[in-house]
Asks: 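Okay, here's the structure, questions in a sec.
The structure presented is a predicted model; accordingly, all values stated were derived computationally and were not measured.
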Amino acid sequence: MRAERGVGPRLTQAHAPLTQAIDVLNEFGERESIEIPCERALTVYVDRRELVTLMTLGAHPELLVLGYLLNQRLISAAEEIESITVDWEVGAAAVKTHRGIAEIEARTARRVVTTGCGQGSVFGELLAEIDSIRLPGATLDQARLYEILQAMRQQESTYKSAGSVHGCALFCGGKLSFFVEDVGRHNAVDTIAGWMGLQGAAVRDDPEKVFYTTGRLTSEMVIKAAQMGVPIVISRSGITQMGLDVARRLELCAIGRATNRRFICYSAPQRLRMQPELAGPRLKAA
C-alpha cells in the first residue's frame, strides 16, 4: 500500500475486489455464473484504540473512515487527522490523530441503534445537536431534478452488474461530483462526507449541494446530509416518520420515491420550484 499526501491527512489507497463471480442454479435448472458484491469487515482503530467495525464493500475505505469520524462529530475537520492506513490483509484501518480525540470513551459510550443496513448506529448526542444546524437557502428546479435522476440512471454501477448495494451521489454546481456504492447506505453517505472533508471551500461551502441516495431517508440519513451542509436530498425510496420530523425541523427539502418523472416532496416545498408541465400525463388508476 502507498500513502499519498494531499489536502488534510495522509491516506493509503487500499484496493479490494468489489464483486465476486459465483456459480448459481437458475429457474430452468441451469448452471450460470453471476457477480455478487463483496462484503468485508473493517475494524477502525483510533490512536490504537478500537472504535468500531464497519461492514463495507471497500470501494473507498479511507474516505469511509474519515467520513464516519466527521459524521459522528468525533472530529470537526479532516485536518485533525494525521493519517489513515487501511490494510485489507488484516481488515483494519489505523487512524492517527494529531492531538487525540478528547473524551472519546464518554462520547462513544451512548449509542442509538438505528434502522440502517450495514453499519447504522449514531451517537446519541447528534439528535440533540440538530437545532444548531443552519442550511443555506437553496432551491431546485423540477427540470434540474429530472436531470439528476437521468444522470443517476446512466451512472455505471455495481448495482447494475451485481445488485445488493446502495448508491449515493453528491451534485455540486449542477454537476455530479462524487458517486459511491456500499453494502449500506450509511457507509455510502459517510464516504461522501470523507471525500468532502478533503475538498476545498468551493465544494464544502457550495450552497446548492444536492444529495442523492437509493436508500430510504431515516433520521440519521437526514442528519448526516444536514451536517454536510446539504439543503436538498433526493431518494429513490421513501422517508420514515422520524426522518420527516428532522427534515421539517431543519427546513431540509426531502424528495422521495423519485424515479423517472415521479416524485414526492415531503418537506420544505418552498425549496422546490415546480414545473408540473414537465411531469407528463397523469397515470391512470388501475
Side-chain angles (χ1 to χ4, degrees), residues 39 42 44 46 51-57 59-61 63-76 101 104 106-135 165-170 178-197 209-258 264 266-268:
E39 181 181 16
L42 183 66
V44 180
V46 177
L51 178 65
V52 68
T53 296
L54 305 174
M55 301 305 299
T56 177
L57 189 68
H60 303 279
L63 297 182
L64 167 61
V65 172
L66 177 59
Y68 178 86
L69 296 174
L70 286 165
N71 275 339
Q72 298 294 347
R73 298 286 184 93
L74 294 175
I75 61 173
S76 59
I101 297 176
I104 187 171
R107 294 168 66 185
T108 58
R110 189 161 60 95
R111 297 171 184 255
V112 176
V113 178
T114 69
T115 57
C117 52
Q119 190 281 324
S121 65
V122 61
F123 296 125
E125 66 219 33
L126 293 185
L127 293 175
E129 295 180 0
I130 61 173
D131 289 328
S132 65
I133 299 175
R134 297 290 180 268
L135 295 175
V165 296
H166 280 295
C168 290
L170 185 71
F178 193 78
F179 172 78
V180 66
E181 293 173 299
D182 212 313
V183 292
R185 63 188 187 278
H186 294 282
N187 286 348
V189 69
D190 285 347
T191 301
I192 288 180
W195 177 83
M196 284 181 59
K209 293 189 291 288
V210 177
F211 176 74
Y212 174 90
T213 177
T214 59
R216 62 191 179 275
L217 299 176
T218 61
S219 57
E220 186 178 6
M221 289 293 287
V222 172
I223 291 171
K224 286 182 175 183
Q227 287 180 163
M228 294 156 57
V230 177
I232 299 167
V233 175
I234 303 169
S235 171
R236 191 176 66 189
S237 185
I239 196 169
T240 66
Q241 174 267 325
M242 193 169 183
L244 178 59
D245 288 347
V246 173
R248 285 174 172 171
R249 285 171 65 180
L250 293 168
E251 294 188 357
L252 178 146
C253 184
I255 299 169
R257 300 186 184 180
I264 295 174
Y266 295 105
S267 59

Asks: Return the CD1 to OG distance between I232 and S267, rounded to the nearest 0.5 Å.
Replies: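 I232 atom CD1 to S267 atom OG measures 10.5 Å (nearest 0.5 Å).
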Asks: Give, for atom CG of L63 and atom CG of N187, the distance between the pair rounded to the nearest 0.5 Å.
Replies: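 It is 12.5 Å, given to the nearest 0.5 Å.
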Asks: Determine whether L51 and L69 satisfy the following criterion, side chain to side chain contact (heavy atoms under 4.5 Å, CB included), listing intermediate values before the conclusion.
Replies: CA-CA 10 Å; L51 178 65; L69 296 174; 3.7 Å; yes
Asks: List the atom of V183, the atom of M55, and the distance in Å for their closest heavy-atom pair.
Replies: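 The answer is CG2-O, 3.2 Å.
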Asks: Let me confirm one number: the CG-CD1 distance from L252 to I133, rounded to the nearest 0.5 Å.
Replies: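 So the gap between those two atoms works out to 9.5 Å.
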Asks: Not counting sequence neighbours, which residues clear ring-ring contact (aromatic ring centres under 6.0 Å, His included) with F179? List them please.
Replies: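 F179 satisfies ring-ring contact (aromatic ring centres under 6.0 Å, His included) with no other residue.
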Asks: Using a 4.5 Å cut-off on heavy atoms from C-beta on, say whether the side chain of V233 contacts that of V222.
Replies: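 Answer no - side chains too far apart.
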Asks: Got a donor-acceptor contact below 3.5 angstrom from the R134 side chain to the D131 backbone?
Replies: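 Here the side-chain-to-backbone pair exists.
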Asks: Drop me the distance from I255's CD1 to I234's CD1, to the nearest 0.5 angstrom.
Replies: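 Going from CD1 on I255 over to CD1 on I234, the span is 5.0 Å.
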Asks: Do you know the tightest heavy-atom contact between H166 and T214?
Replies: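 In this case the closest contact between H166 and T214 is ND1-OG1, 3.0 Å.
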Asks: Determine, stepwise, if the pair Q227 / N71 fulfils side chain to side chain contact (heavy atoms under 4.5 Å, CB included).
Replies: CA-CA 7 Å; Q227 287 180 163; N71 275 339; 3.3 Å; yes
Asks: Could you report the tightest heavy-atom contact between L250 and I130, atom names first, then the distance?
Replies: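 That closest heavy-atom pairing would be CD2-O, 3.2 Å.
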Asks: Minimum heavy-atom separation for I192 to A169, with atom names?
Replies: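 Of all heavy-atom pairs spanning I192 and A169, the closest is CD1-N, 3.6 Å.
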Asks: Begin with the C-alpha distance, continue with both residues' side-chain angles, and end with the deciding distance and a verdict on side chain to side chain contact (heavy atoms under 4.5 Å, CB included) for L57 and V180.
Replies: CA-CA 10 Å; L57 189 68; V180 66; over 6 Å; no
Asks: Between Y68 and V52, does the side chain to side chain contact (heavy atoms under 4.5 Å, CB included) criterion hold? Intermediate values first, please.
Replies: CA-CA 10 Å; Y68 178 86; V52 68; 3.8 Å; yes
Asks: CG of D190 to NE2 of H60: how many Å apart, nearest 0.5 Å?
Replies: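 These two atoms lie 14.0 Å from each other.
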Asks: Rounded to the nearest 0.5 Å, what's the gap from CE on M221 to SG on C168? Could you check?
Replies: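 Taking CE in M221 and SG in C168, the distance rounds to 4.5 Å.
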Asks: Which heavy atom in M228 sits nearest to a heavy atom in K209, and how many Å separate them?
Replies: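 Scanning both residues, the minimum pair turns out to be O-CE, 3.2 Å.
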Asks: Can you name the side chain to side chain contact (heavy atoms under 4.5 Å, CB included) partners of L70, sequence neighbours left out?
Replies: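 Checked L70 against side chain to side chain contact (heavy atoms under 4.5 Å, CB included); matches are L66, I75.
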Asks: Of all heavy-atom pairs between E181 and G167, which one has the smallest distance, and what is that distance?
Replies: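 Distance-wise, the nearest heavy atoms are CG-CA, 3.9 Å.
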Asks: Mind checking side chain to side chain contact (heavy atoms under 4.5 Å, CB included) for S235 and listing every partner two or more places apart, or none if nothing turns up?
Replies: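 Residues passing side chain to side chain contact (heavy atoms under 4.5 Å, CB included) with S235: T213, L217, S237.
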